[in-house]
**Student:** 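Let me begin by handing over the structure; questions about it come next.
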Amino acid sequence: MNRIDRLPAEHRELLDILGVASPSTLAKYNAEQLLNDLRLANAHFERNLPLPDERQVQDWIAQAQTIIREETAAQQEPERTETEENDNLPSRLGGKALPILTHHKQTPVALRRKASDQNPEESSTRRYTKMRGIRHTTPIRTWTGALIAILFWLSGLVLLFLLPYMLLFSHSLLRWHILIFSGIGLTLFLYLIVSFRCRCSVCKIRIFSWQRYVRNRKMHHIWGLGRVVPTALHVLLFRWFRCPSCGTAQRLRNPHSSR
């Protein structure tokens with residue numbers, strides 16, 4: 001408040017009683033409101049100090065607002081100076097930018113993305129063949145379950161064609177019929193004790209179950225075959241898969257191992 005001109009001691013005392021002890025607080029008032037608050041404070045605390053007129057109060061508020069604007073401009077000036085120096089860096093270097101200013105943008109991820117964009121066929125193939133994801137907790141059971149799931153699906157196709165053939169052309173049960181039905185039964189038994197027990201290492205859902213999962217849009221799916229057969233084929237061919245429920249990529253072995 002020492003920077004406010006034409007502020008007598010008795011009026012400064014009134015402002016202190018009111019709680020106006022800095023230019024920032026004084027700048028928030030208007031003349032009529034401040035004059036009314038000074039009058040109430042003078043009466044409430046029974047100080048009987050002389051009150052200023054409205055012209056003096058307006059002058060004080062104008063000075064306080066000017067002080068606040070000057071302080072704000074002084075704080076913003078160093079920031080503008082630093083920004084201008086950075087903007088003028090190429091001109092101070094003779095119009096030439098240093099190579100190091102853009103070299104940091106060539107990260108390994110950016111280089112790989114650039115290479116994949118230049119060769120989309122290679123990137124599409126690499127997306128399926130490159131092993132990725134976390135290590136699965138039961139890799140041997142999952143690989144065996146994928147194989148049995150494929151055999152179980154093939155057994156269903158055989159049974160689908162065998163039953164109409166027996167009903168239309170051969171009404172007697174032959175030896176090869178018995179062998180086929182025995183193989184289908186064995187495949188069903190193996191599917192129930194091996195494939196049906198294969199679970200995701202993260203969300204613990206059954207990987208080779210024909211239950212419908214709609215949460216993951218990136219699951220392995222082929223129109224007409226559904227989800228189980230493509231997932232099993234992906235496991236057998238590439239040794240990794242995406243969970244049909246949570247979408248987590250999981251590999252069956254270490255990609256850097258020699259096996």
Side-chain angles (χ1 to χ4, degrees), residues 1-114 116-117 132-134 200-205 213-219 242-249:
M1 298 296 287
N2 295 328
R3 300 172 62 183
I4 305 297
D5 296 332
R6 296 180 294 277
L7 181 60
E10 59 272 11
H11 294 163
R12 182 177 299 180
E13 184 178 355
L14 267 178
L15 291 174
D16 291 339
I17 293 174
L18 188 60
V20 181
S22 62
S24 60
T25 307
L26 180 60
K28 298 177 182 178
Y29 278 90
N30 58 53
E32 183 179 357
Q33 180 185 4
L34 181 59
L35 191 59
N36 186 35
D37 290 348
L38 290 176
R39 186 180 297 109
L40 293 176
N42 195 21
H44 179 74
F45 291 100
E46 299 179 354
R47 302 304 297 270
N48 296 323
L49 295 173
L51 294 173
D53 56 13
E54 187 173 356
R55 183 176 299 177
Q56 286 180 299
V57 174
Q58 290 177 352
D59 183 44
W60 298 342
I61 295 175
Q63 293 184 54
Q65 292 175 351
T66 303
I67 292 172
I68 296 302
R69 284 195 296 268
E70 291 176 355
E71 291 179 351
T72 305
Q75 292 176 359
Q76 293 178 353
E77 186 174 357
E79 298 179 358
R80 294 177 181 174
T81 304
E82 183 178 355
T83 305
E84 291 174 357
E85 289 180 356
N86 292 333
D87 293 340
N88 294 330
L89 181 59
S91 62
R92 289 189 288 108
L93 295 175
K96 298 180 180 180
L98 291 177
I100 195 172
L101 296 177
T102 57
H103 183 266
H104 69 281
K105 297 182 180 179
Q106 302 297 328
T107 60
V109 177
L111 292 175
R112 288 197 299 269
R113 187 181 295 112
K114 183 178 180 180
S116 62
D117 293 339
R132 66 184 67 186
I134 63 175
C200 171
S201 299
V202 179
C203 64
K204 304 302 180 184
I205 63 103
Y213 301 107
V214 295
R215 287 190 294 172
N216 176 28
R217 296 182 179 180
K218 294 183 178 180
M219 63 182 177
R242 288 189 183 277
C243 173
S245 179
C246 65
T248 306

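Remember, predicted model here, so these are calculated numbers, not experimental data.
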**Student:** For the residue pair Gln63 / Asp59, report whether a side-chain donor-acceptor contact shorter than 3.5 Å exists.
**Tutor:** yes
**Student:** What is the distance from atom CG of Leu35 to atom OH of Tyr29, rounded to the nearest 0.5 Å?
**Tutor:** 12.0 Å
**Student:** In chain order, what residues pass the side-chain contact (heavy atoms from CB on, under 4.5 Å) check against Ala27, with sequence neighbours excluded?
**Tutor:** Ala64, Gln65, Ile68
**Student:** Heavy-atom distance under 4.5 Å between the side chains of Cys246 and Cys200, does that happen here?
**Tutor:** yes
**Student:** Atom CD in Gln58, atom CG in Asp53: separation rounded to 0.5 Å?
**Tutor:** 9.0 Å
**Student:** Are Leu38 and Pro52 close enough that some pair of their side-chain heavy atoms sits under 4.5 Å apart?
**Tutor:** yes
**Student:** Contact between Thr248 and Cys203 at the side-chain level, heavy atoms closer than 4.5 Å - yes or no?
**Tutor:** no
**Student:** Could you tell me the separation between the CD atom of Glu71 and the OG1 atom of Thr66, rounded to the nearest 0.5 Å?
**Tutor:** 11.5 Å
**Student:** Locate the shortest heavy-atom distance separating Ser245 from Ile205; write the atom from each residue and the value.
**Tutor:** CB-CG1, 3.8 Å
**Student:** By side chain to side chain donor-acceptor pair (under 3.5 Å), which residues pair with Ser22, not counting sequence neighbours?
**Tutor:** Ser24, Thr25
**Student:** Kindly list each side-chain donor-acceptor pair under 3.5 angstrom involving residues 7-20, sequence neighbours excluded, with atom names and distances?
**Tutor:**
residue : atom : partner : partner atom : Å
His11   : NE2  : Pro50   : O            : 3.2
Arg12   : NH1  : Asn2    : OD1          : 3.1
Glu13   : OE2  : Arg47   : NH1          : 3.4
Glu13   : OE2  : Arg47   : NH2          : 2.1

